[in-house]
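In what follows, a structure is listed as structure tokens, so that the remarks can point back to it.
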Amino acid sequence: MKNFLLELNPPQLEAVTHPAGPLMIIAGAGSGKTRVLTYRIAWLIDQGVDPFQILALTFTNKAAGEMRHRIEQIIGSEARNLWMGTFHSVFAKILRIDGHKLGYQSNFSIYDTDDSKSLIRSIIKEFALDDKVYRPNFVLNRISGAKNGLVSWEAYAENPLFLEEDKAAKMPEIGRIYKTYQLRCFQANAMDFDDLLFNTNVLFRDHLDVLNKYQHKFRYVLVDEFQDTNVSQYNITRKLSGVHQNITVVGDDAQSIYAFRGANIQNILNFRSDYPELHVVKLEQNYRSTQTIVSAANSVIQKNKEQLDKRVFTENEPGDKIELIKAASDQEEGRLVASRIFDTKSKLGVFNRDFAILYRTNAQSRSFEESLRKLNIKYRIIGGLSFYQRKEIKDLLAYLRFTVNPQDEEAFKRIINLPKRGIGDQTVARIAVSAAENNVSIWEVVRDIYRFVAGRAATAIDQFAVLIKDFQRYLELGKDAYEVASHVAKTSGILRDLYEDKTVEGLARYENVQELLNSIKQFVDNPDQEDTSLSAFLQTVSLLTTADTEDEDGDHDRVTLMTIHGAKGLEFPYVFVVGMEENLFPSQMMLQRRADLEEERRLFYVALTRAEKQVVLTFAMQRYNYGRLNHCEPSRFLDEIDPEYMRLSAQGLSAGRNEKSQQSRDMFDSMLSTRASRLAQLTPIKSNATPVPPANIAKSSADSGEFTAPSDLKVGQRVEHAKFGTGLLLKLESMGGTQKALVRFDQVGEKTLLLSFAKLKVIS
DNA sequence: TCATAGCCTTTTTTT
DNA sequence: AAGGCTATGA
């Protein structure tokens with residue numbers, strides 16, 4: 001143990017060996033945060049703390065696994081007894097044990113976003129509301145936001161602010177939808193992601209014996225990525241550490257990128273007032289990146305108003321400048337990045353695994369996949385449409401879910417007519433009515449269908465019921481997850497249906513199901529896995545994080561492709577941050593509010609600071625989006641990097657063989673020179689420079705952060721749009737912070753424009 | 001009553 | 001580009 005401590009610098013050592021009481025570690029990018037957290041846990045155990053008494057909450061399950069592994073190397077196999085995992089997985093476990101006090105059974109289902117959305121959609125339909133006004137996505141976000149802020153449906157219905165906002169957004173029924181949604185989840189013995197945290201809060205609030213149990217169990221509570229916790233999560237940790245007060249949080253306000261999920265920078269500030277005895281340690285030395293990268297990242301993040309006082313520095317070598325590459329299209333962007341990786345590999349003798357391509361949206365991965373494949377460069381994609389989101393996988397999982405928890409309404413809807421057994425919407429609706437009339441669950445109707453419904457459809461339903469009862473018998477016999485799952489796959493007809501589909505896609509789907517069965521087998525055969533029940537497997541699957549997905553084969557030498565969100569906590573020698581275009585990064589949706597722009601900037605900061613040796617930024621002039629070719633402008637963030645640390649690359653010039661490419665070359669040249677002069681005009685950023693308001697969005701009204709339309713825009717005016725020409729403004733509409741204008745254009749007819757006031761000019 | 005073709009809308013990040 | 005919804009035909 002002692003030897004390990006020798007490797008640490010003074011603030012790191014201070015953090016690791018802080019004896020007891022509340023501790024906050026403000027850890028700048030690349031300052032050895034994970035190492036400190038790991039050593040601190042090892043140190044605690046070395047000091048005689050029982051691993052059973054330590055709870056560590058991490059951001060991904062993979063991070064937890066790796067940390068556990070490293071601790072094991074330091075102090076031995078005792079480390080297995082640590083409680084470690086994501087908030088969601090740890091508290092799902094606790095709810096399985098104690099959730100019955102809230103009326104849930106321990107086999108409760110976990111609804112994913114699709115399930116939630118589908119339930120919301122059916123409630124909207126049942127209420128005979130217009131789903132164009134009540135957009136399921138919006139409603140779900142609203143409910144999720146309430147739950148993450150610990151607002152119950154009861155409280156929501158009484159809150160004048162929410163009611164006011166909903167009325168203004170023309171959605172006065174959201175409170176009623178929220179209530180029904182919660183009741184339906186409860187009846188289905190299901191919790192969504194937010195419920196796992198919300199219900200833990202309720203459990204700890206209403207059942208002090210339970211709270212007491214865990215308060216005494218966990219003498220030490222540690223929270224990683226604290227800047228990304230929301231109120232609901234914060235409240236749980238605060239309660240848990242209420243007795244011993246031994247809470248350690250590690251975070252960096254500059255890397256807070258989950259406000260859209262309810263994360264609250266304010267938590268860091270609240271923390272100080274909640275724990276007057278708080279000890280604060282700042283880790284400011286960056287061991288990861290070159291001086292250039294650290295300085296460039298600092299020059300960007302300094303534009304944010306909202307941040308703690310901190311000075312990240314490094315003693316590493318200066319390193320290469322940040323390169324900016326311009327591409328004609330998204331396809332060329334892919335080619336340039338791929339060939340750049342190819343060249344760097346052969347020139348410097350580095351490996352695929354030394355490169356990461358980071359983008360803002362998952363959809364951007366395509367062009368890079370194609371060009372990497374062409375050059376025979378192996379890659380892995382993290383996130384995106386993951387394995388577990390594929391239809392055939394979700395279908396089988398729905399069968400398994402329904403077998404474990406026959407109250408699961410969403411799983412039922414998914415499988416009742418799959419494979420096709422002639423049970424349509426009408427029949428399902430009739431079952432639902434029957435269930436409601438007799439005040440029993442849907443499963444109770446299905447399992448005794450002849451008692452409730454007679455007729456042709458009843459036979460088909462009875463067959464379905466017999467099938468499920470057979471699956472349930474397997475569970476009762478104590479078969480493990482693999483035995484049940486392979487039986488279900490064979491007997492349900494899913495596998496047979498896919499087998500008969502001889503198309504390429506059908507074959508792939510068949511293999512996917514086989515692969516799922518393989519992974520269940522692995523789960524069951526894992527010696528570390530104590531609980532090999534189907535229920536345990538389902539829980540693990542539904543709480544997997546994107547970073548948790550394993551490499552398919554043992555080949556680790558791959559270029560990594562992922563969103564910047566997915567790159568949190570990771571590092572790579574060479575990082576490409578691609579798609580540096582206005583409205584893509586920063587995202588169009590985020591530009592409405594000042595606070596959100598700051599979050600996008602933090603995201604850019606995270607992207608830059610992933611790199612050890614070099615950053616390459618790229619942008620395209622044209623990009624396919626929603627099946628359309630769009631013209632793009634370079635991102636404002638490019639202007640925010642101190643030009644001292646940047647270099648424009650001449651790459652992207654395809655050799656001019658004809659007039660057309662000569663033309664585009666000229667355009668590119670002039671582009672480069674205006675770009676260069678714009679960069680040169682920027683004076684280096686001083687430490688307390690005031691943020692420059694973005695020029696091309698409407699001015700925010702003071703600091704309220706609300707978007708306001710120019711006041712001179714009125715219905716009936718003639719307006720001009722850069723793309724669509726002139727027209728007549730028919731209607732102005734504001735909904736939930738989203739502003740719309742309906743314009744009848746002379747040339748192209750009526751169009752609804754989103755947030756495009758800046759591009760609308762009044763001409764009469 | 002059900003299945004399918006074509007129309008229409010969406011429009012970020014993740015547990 | 002993809003998924004949901006509606007109209008149409010079986």
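Everything numeric in this text was worked out from a predicted model, so none of it was measured. Below, chains carry the letters A, B, ... as their sequence lines are ordered, and counting in each starts from 1.
- The separation between A:K420 atom NZ and B:dC2 atom C1' is 9 Å, rounded to whole Å.
- As rounded to whole Å, 12 Å separates atom C1' of B:dT15 from atom CG of A:D195.
- Between A:N137 and B:dT12 there is no side-chain polar atom (N or O) within less than 4.0 angstrom of OP1 or OP2.
- An OP1 or OP2 oxygen of C:dG4 is reached within less than 4.0 angstrom by no side-chain nitrogen or oxygen of A:S118.
- Classification of the A:H565-A:Y258 ring pair by plane angle, with boundaries at 30° and 60°, yields perpendicular.
- A salt bridge links A:E599 and A:R602; the closest N-O separation between the charged side-chain nitrogens and carboxylate oxygens is under 4.0 Å.
- Among the protein residues, A:Y258 comes within range of the sugar-phosphate backbone only, with heavy atoms under 4.0 Å from sugar or phosphate atoms but none that close to a base.
- Considering only residues two or more places apart in sequence or on other chains, A:D224 meets the salt bridge (Lys or Arg N to Asp or Glu O under 4.0 Å) condition with A:K33.
- A:D596 and A:R601 are not joined by a salt bridge, as no carboxylate oxygen comes within less than 4.0 angstrom of a charged side-chain nitrogen.
- Of the candidate nucleotides B:dT14, B:dT1, B:dT15, B:dT14 has the atom nearest to the side chain of A:N362.
- Residue A:I423 is in sugar-phosphate contact alone, with no base atom involved, counting any heavy-atom pair closer than 4.0 Å across all strands shown.
- Using a cut-off of 4.0 Å between Lys/Arg side-chain N and Asp/Glu carboxylate O, A:R184 and A:E126 are scored as salt-bridged.
- In this structure, A:T113 reaches the bases: a heavy-atom distance under 4.0 Å links it to at least one base atom across the strands shown.
- Under the 3.5 Å distance criterion, with hydrogens and angles disregarded, a donor-acceptor pair is assigned to the side chains of A:T229 and A:N267.
- Nucleic acid contact class of A:G422 (heavy atoms, under 4.0 Å, all strands): sugar-phosphate only.
- Spacing between atom CG of A:D131 and atom P of B:dT9 amounts to 11 Å, rounded to whole angstrom units.
- For A:R366 and C:dA1, the shortest distance from a side-chain N or O to OP1 or OP2 is not below 4.0 Å.
- For the pair A:N630 and B:dT11, the criterion of a side-chain N or O lying under 4.0 Å from OP1 or OP2 is not met.
- Within the nucleic acid shown, A:N625 has no heavy atom closer than 4.0 Å to any nucleic acid atom.
- Counting only heavy atoms from C-beta on, A:F193 has its side chain closest to B:dT15 among B:dT13, C:dC5, B:dT15.
- A residue-by-residue look at A:H565 and A:N417 shows that A:N417 has its nearest nucleotide of DNA chain B further toward the 5' end.
- Under 3.5 Å, the side chain of A:R261 and the base of B:dT15 form no donor-acceptor pair of N or O atoms.
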For this session: Assess whether side-chain hydrogen bond (donor to acceptor under 3.5 Å, both in side chains) is satisfied between A:Q539 and A:R96, documenting all intermediate values.
Result: CA-CA 10 Å; A:Q539 182 187 314; A:R96 299 253 175 229; 2.6 Å; yes
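- If you take CZ of A:R623 and P of B:dT11, they are 19 Å apart, rounded to a whole angstrom.
- Residue A:K117 contributes atom NZ, which lies 12 Å from atom C1' of C:dA2 at whole-angstrom precision.
- No hydrogens or angles were tested; on distance alone, nothing pairs the side chain of A:T563 with the base of B:dT12 as donor and acceptor under 3.5 Å.
- Atom NZ in A:K62 sits about 15 Å away from atom P in B:dT14, given to the nearest Å.
- If you measure from atom CD1 of A:I257 to atom P of B:dT14, you get 9 Å, rounded to the nearest angstrom.
- A:R421 comes within 4.0 angstrom of no nucleic acid atom, judged by non-hydrogen atoms across all strands.
- A salt bridge is absent between A:D330 and A:R366: the closest approach of a Lys/Arg side-chain nitrogen to an acidic carboxylate oxygen does not fall below 4.0 angstrom.
- Under 4.0 Å is where a charged nitrogen must lie from a carboxylate oxygen, and between A:D131 and A:R121 no such pair does.
- Here B:dT14 presents its P atom at 12 Å from NZ of A:K568, a figure rounded to the nearest Å.
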For this session: Give DNA chain B the dot-bracket treatment, 5' to 3': Watson-Crick (N1-N3 with N6-O4 or O6-N4) or G-U (N1-O2, O6-N3) under 3.5 Å, [ ] crossing, | other strand.
Result: ||||||||||.....
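- Close to B:dT1, at under 4.0 Å from its OP1 or OP2, lies a side-chain N or O of A:R430.
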